[in-house]
Amino acid sequence: MADIINLLPDNLANQIAAGEVIQRPASAVKELLENAVDAGATEIQLFIKDAGKELVQVIDNGSGMSDTDARMCFERHATSKIRSIDDLFHIRTMGFRGEALASIAAVSQVELKTRRAGDELGSFIEIDNSVIKRQEPCQAPFGTSIAMKNLFFNVPARRNFLKSNAAEMRHIVDEFIRVALAFPHLQFSLNSNGQQMFHLEKGSLKQRVVNILGQHYNAKLVTVRETTDYMNIHGFVGKPETAKKTRGDQFFFVNNRFIKSSYLNHAVMNAFSEMIPADSYPLYVLFIDLDPAHVDINVHPTKQEIKFDDERILYAFVQSAIKHALAQFSVTPALDFDLDPGIQQLDALTQPFTEQKKVQSANTSIYKTFTHANQAHVIDKSSNSNLQHWKELYGEPARPDNDHAPAPPETPLSTASVIDERWQEAATDHKVPVQVHQQYILSQIKSGFILIDQRAAHERILYERYQKALAEKPMATQQSLFPQTLELLPADALIVSEMLPDLQALGYDLEPFGQHTFVVRGTPADIQTGNEQASIEGLLEQFKHFSSELKLNRRERLVRSIARNNAIPPGKVLGSREMQNIIDELFACATPNVSPGGRFTFISFKLNDLEKMFERGM
Ligand code: ADP
Ligand code: MG
């Protein structure tokens with residue numbers, strides 16, 4: 001019998017291998033744009049015809065190539081970016097496999113024009129199906145132009161698999177945006193069928209984000225930035241109110257490479273939980289940088305999925321960084337309030353990460369945790385600790401040696417009593433809170449003062465109290481002297497009977513009495529007597545309001561309704577003891593910054609910022 005094994009001819013082997021790298025026009029867009037970036041270009045133009053099926057062309061002003069390199073670059077495994085396996089673990093460029101151009105040349109017709117700045121003449125090369133048809137010297141501006149024409153002209157089966165122009169164009173725009181976001185200091189443009197779709201000037205990341213994702217995000221971005229020995233994160237998240245019903249504006253980059261990671265996405269969503277409705281998606285554009293030795297970018301051919309040494313550290317890091325950013329932004333004078341637009345230009349607001357903040361953040365728990373890579377577990381504990389919120393704002397009573405003292409062991413004292421003790425200690429140092437317009441509480445803190453919205457704060461306090469009542473220990477009921485009957489509309493009666501057990505756990509003593517009627521024998525101890533009926537009707541109103549607004553489960557809706565309904569309204573005069581209680585209890589909450597519905601509970605005014613406002617006469 002004859003031998004049966006053949007060696008595949010080069011172009012066929014290339015075509016098969018190309019399947020991994022070039023699946024659609026957008027794959028070529030990504031590879032060509034990345035090559036231009038790697039070549040040091042500062043201006044990069046992308047031209048598309050027929051959703052890339054007819055033409056994908058990238059023109060750059062980068063390094064250009066020599067005659068020989070211009071021919072070599074189409075060989076499989078031709079790359080100037082790695083020389084040894086070791087390099088693979090320290091790779092800082094976008095490309096590294098030397099497969100992209102070989103793959104593109106195997107499945108299309110390519111024209112390359114390139115010239116180095118020091119050369120008189122450039123080279124022109126034409127390739128079909130991996131075969132060089134023509135190479136000659138030519139006049140050319142410095143830099144490189146690569147045109148990929150008629151993708152899959154020689155692989156009809158794959159050409160037939162391409163989607164509609166609209167779908168392929170969407171993929172192209174996605175890739176373009178990812179590269180453009182990663183390199184805001186480079187100029188990019190995208191032209192499709194002769195029409196300019198994007199023209200992105202060099203600028204800051206913020207400008208790039210806004211130019212791509214929409215001007216309406218301009219005042220709605222929260223800066224994220226944490227720097228540690230192990231890894232850094234920087235970028236933006238959208239303020240909670242910009243969360244959308246559809247996923248989309250969410251980007252993660254690791255060492256400037258766009259990646260997809262449902263795991264890290266989860267970390268972000270977690271940091272936003274409670275601030276946005278459950279089925280909505282916040283914007284984020286986040287860049288994580290860490291030593292390439294901790295990352296394996298080589299696990300997926302198109303390099304969008306990567307492996308990390310220790311995913312859990314990354315998760316905790318991302319989550320904490322975003323929580324930290326959101327908390328900082330809610331204690332920074334918010335840009336949306338009735339402030340003069342001029343104030344928004346203050347350095348402290350437009351460039352929140354000053355040297356002084358760096359020092360501040362170096363003292364936060366997140367920083368300390370991540371300077372020691374193996375201590376990820378420490379962070380959650382301390383950042384969730386209720387004491388932390390209080391301490392960060394009001395500062396600790398001065399204690400010598402505090403910084404060097406070893407971490408205190410778990411004390412048997414409950415957190416609340418620790419806070420109480422500290423509060424007592426500190427109260428003498430601080431001024432008594434002041435009520436403003438019977439609506440806000442002004443309280444002096446270490447770095448300035450905060451203005452607390454009395455209703456939003458109380459809503460947060462009640463919300464967490466009621467959550468606890470449902471999960472752990474039912475609320476105390478105050479029995480009424482004269483039980484009242486409550487006659488409801490049929491639909492409302494149904495809601496009440498469905499929620500009877502939860503209502504009882506929350507301190508409502510209700511009993512069905514005839515068809516649509518209930519007897520109210522008692523209400524939660526913190527509701528004023530005589531108000532039973534109004535209280536239940538009010539909470540029903542709230543409950544129905546929430547059912548149309550939000551996709552929350554019934555219990556959550558109930559708790560939010562009661563909290564909202566029973567919270568101290570604006571217009572209620574508060575004594576200083578009452579105000580102090582609110583402050584105390586607010587900062588003992590797990591999430592003190594926002595009301596259950598995502599409103600700020602307080603904003604803070606820093607001495608620094610105040611000083612600047614006075615200086616500039618604003
Ligand atoms: P890789 O990017 O992984 O090295 P490619 O096939 O994408 O592999 O490119 C092969 C080589 O061709 C690159 O290493 C680079 O030296 C050269 N090259 C590609 N595109 C350009 C460009 N736009 N400008 C200058 N050199 C380029
Ligand atoms: Mg490349």
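Order of listing sets the numbers, starting from 1, for every ligand and every atom in it.
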Q) Near Lys163 NZ, under 6.0 Å, is it more than 12 heavy atoms from other residues, nucleotides or ligands? A)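 Not more than 12 within 6.0 Å, no.
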
Ignoring hydrogens and angles, state whether a donor on the side chain of [X] or [Y] is under 3.5 Å from an acceptor on the partner side chain.
| X | Y | result |
| --- | --- | --- |
| Tyr281 | Asp249 | no |
| Gln109 | Asn154 | no |
| Thr42 | Asn61 | yes |
| Gln57 | Ser145 | yes |

List ligand 1 atoms under 4.0 Å from [X], heavy atoms only on the residue side.
| X | value |
| --- | --- |
| Ser63 | 25 (C) |
| Ala39 | 22 (C), 24 (N), 25 (C) |
| Met65 | 17 (C), 18 (N), 21 (C), 25 (C), 26 (N), 27 (C) |
| Ala100 | 6 (O), 7 (O) |

Give yes or no for whether the N/O distance cutoff of 3.5 Å, strictly under, is met between [X] and ligand 1.
| X | value |
| --- | --- |
| Glu31 | no |
| Ile146 | no |
| Leu101 | yes |
| Thr79 | yes |

Q | Phe236 vs Thr223 side-chain heavy atoms within contact, under 4.5 Å | A |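 Yes; the side chains approach each other to less than 4.5 Å.
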
Q) Counting heavy atoms only, which of Cys73, Ala105, Gly40 comes nearest to atom 12 (O) of ligand 1? A)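 Of the listed residues, Cys73 has the closest heavy atom.
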
Q: Tell me which one of Leu112, Asp60, Ile104, Thr114 gets a heavy atom nearest to atom 23 (N) of ligand 1.
A: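 Ranked by closest heavy atom to atom 23 (N) of ligand 1, first place is Asp60.
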
Q: Verify the distance test for Asn35 against the Mg ion (ligand 2): any N/O/S atom under 2.8 Å, yes or no.
A: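 Given the 2.8 Å cut-off, Asn35 counts as a ligand of the Mg ion (ligand 2).
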
Q.
I need the single residue from Phe251, Phe183, Phe253 that forms a ring-ring contact (aromatic ring centres under 6.0 Å, His included) with Phe287. Which is it?
A.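 That would be Phe253; it is the only one of Phe251, Phe183, Phe253 passing the ring-ring contact (aromatic ring centres under 6.0 Å, His included) with Phe287.
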
(Q) Quick check on the 6.0 Å ring-centre criterion: do Phe188 and Phe198 meet it? (A)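 That pair fails the under 6.0 Å test.
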
